[in-house]
Amino acid sequence: NWTMQEFIGKEIARIRDICGPKGRVIGAVSGGVDSTVAAKLMHEAIGDRFHAIMVDNGVLRLNEAKQVEHMLKENLGVNLTIVDASELFLSRLDGIDDPEQKRKIIGNTFIHVFEAEASKIDAAVNEEEKKSGEEAKGKGKIEWLLQGTLYPDVIESISFKGPSATIKTHHNVGGLLKDMKLKLIEPLRELFKDEVRALGRLLSIPEPLVKRHPFPGPGLAIRILGPVTREQVKILQQADDIYIEEIRKANLYDQISQAFAVLLPVKAVGVMGDKRTYEQVIALRAVTSEDFMTADWYVFPADVLRRISSRITNEVSGINRVTYDISSKPPATVEWL
Ligand code: XMP
């Protein structure tokens, strides 16, 4: 893979060149492939002058913020700040049912939290440089914003608005921040997804992360079909965690493009011991897809589904029934909202 090795060398040189010896860059990371690869590349180029920010929005998967912290900070050495804003997000989302409303609230709150954290870091950096007698004006302050934009995003925003762009307001974390008064730095803008993965491997990003399924910016909020509440988030986190764990144990994760659980806002009757229960339903979704514009539902071995269903109904309180989604895209979409 000499061409990708060459790309790394050139890109690092380009980043160093445009940032200069003091320039600082901030960027949002989500734990996904693109933002992790972009962050690692920035770190290789300018070390701790790249500041990564991860916002915990309260609708991440179980233990996700901790796992991202471990990966980026401890394993990859990236200068990372995790902002736990889950209370703020969850209080704003509380009781919200409408999917576009959920997306809007999460998007706006994200921008607000990210910008506040960016100014904090900026102030801290200024303070530090004053102390070391380097406060020459404008120098060393944060001037750049990292964006993990890929080539397909570039083409899409120039010429093509696919159906999903108009049906749902899609945006990933970085895309929301374009209006900040910062210059953009986009090291992945010439790469396709496969190339980002290859780049990730060369940058020693562990294989499970390189192959991670995509996760939407609005997170579990768009996988709770009714109103978002803390209790609903908790139920879905547990079910989702069991689902993904069993998929991994069965060695099927890499055959599936995206798998997740959905929490339905209906109750069904069940039985436990000699008691009648009246509890919620989990729908499982797994698809294979090239580009997520179309997708096929994935055919699981029956014993894997049996294990998943039995664990979810036994271990997640509030759930007494599990169903499997056998819809392709189109006419369904990948997400339920
Ligand atoms: P759909 O549901 O449109 O999903 O078939 C296609 C892909 O897009 C992801 N998706 C989102 N990603 N913000 C995101 O960052 C969103 O609001 C959003 N909605 C859907 C979905 O997970 C799938 O990979």
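Count residues from 1 along the sequence. We count ligands from 1, going down the list as the structure has it; atoms in each ligand are counted the same way.
Atoms of ligand 1 lying under 4.0 Å from any heavy atom of Thr333, numbered from 1 in the order shown and given with element: 1 (P), 2 (O), 5 (O).
Counting heavy atoms only, Arg103 comes closest to atom 19 (N) of ligand 1 of the residues Gln258, Lys102, Glu335, Arg103.
Atom CD of Glu115 has more than 12 heavy atoms from other residues, nucleotides or ligands within 6.0 Å.
Cation-pi contact between Arg24 and Phe50: absent, since separation from the ring centre below 6.0 Å together with deviation from the ring axis within 45° is not met. Arg223 forms a cation-pi arrangement with Phe260, by the criterion of a distance under 6.0 Å to the ring centre and an angle within 45° of the ring axis.
Looking at Asn320 and Thr277, their side chains do bring a donor and an acceptor atom within 3.5 Å of each other.
At under 3.5 Å, not a single nitrogen or oxygen of Pro216, backbone or side chain, sits near a nitrogen or oxygen of ligand 1. Remark: ligand 1 and Lys329 share an N or O pair separated by less than 3.5 Å (distance only, no angle test). Polar contact check, Phe215 against ligand 1: no nitrogen or oxygen pair lies under 3.5 Å apart.
Ring geometry for Phe300 against Tyr243 counts as tilted: the plane angle lies between 30° and 60°, on a 0 to 90° scale.
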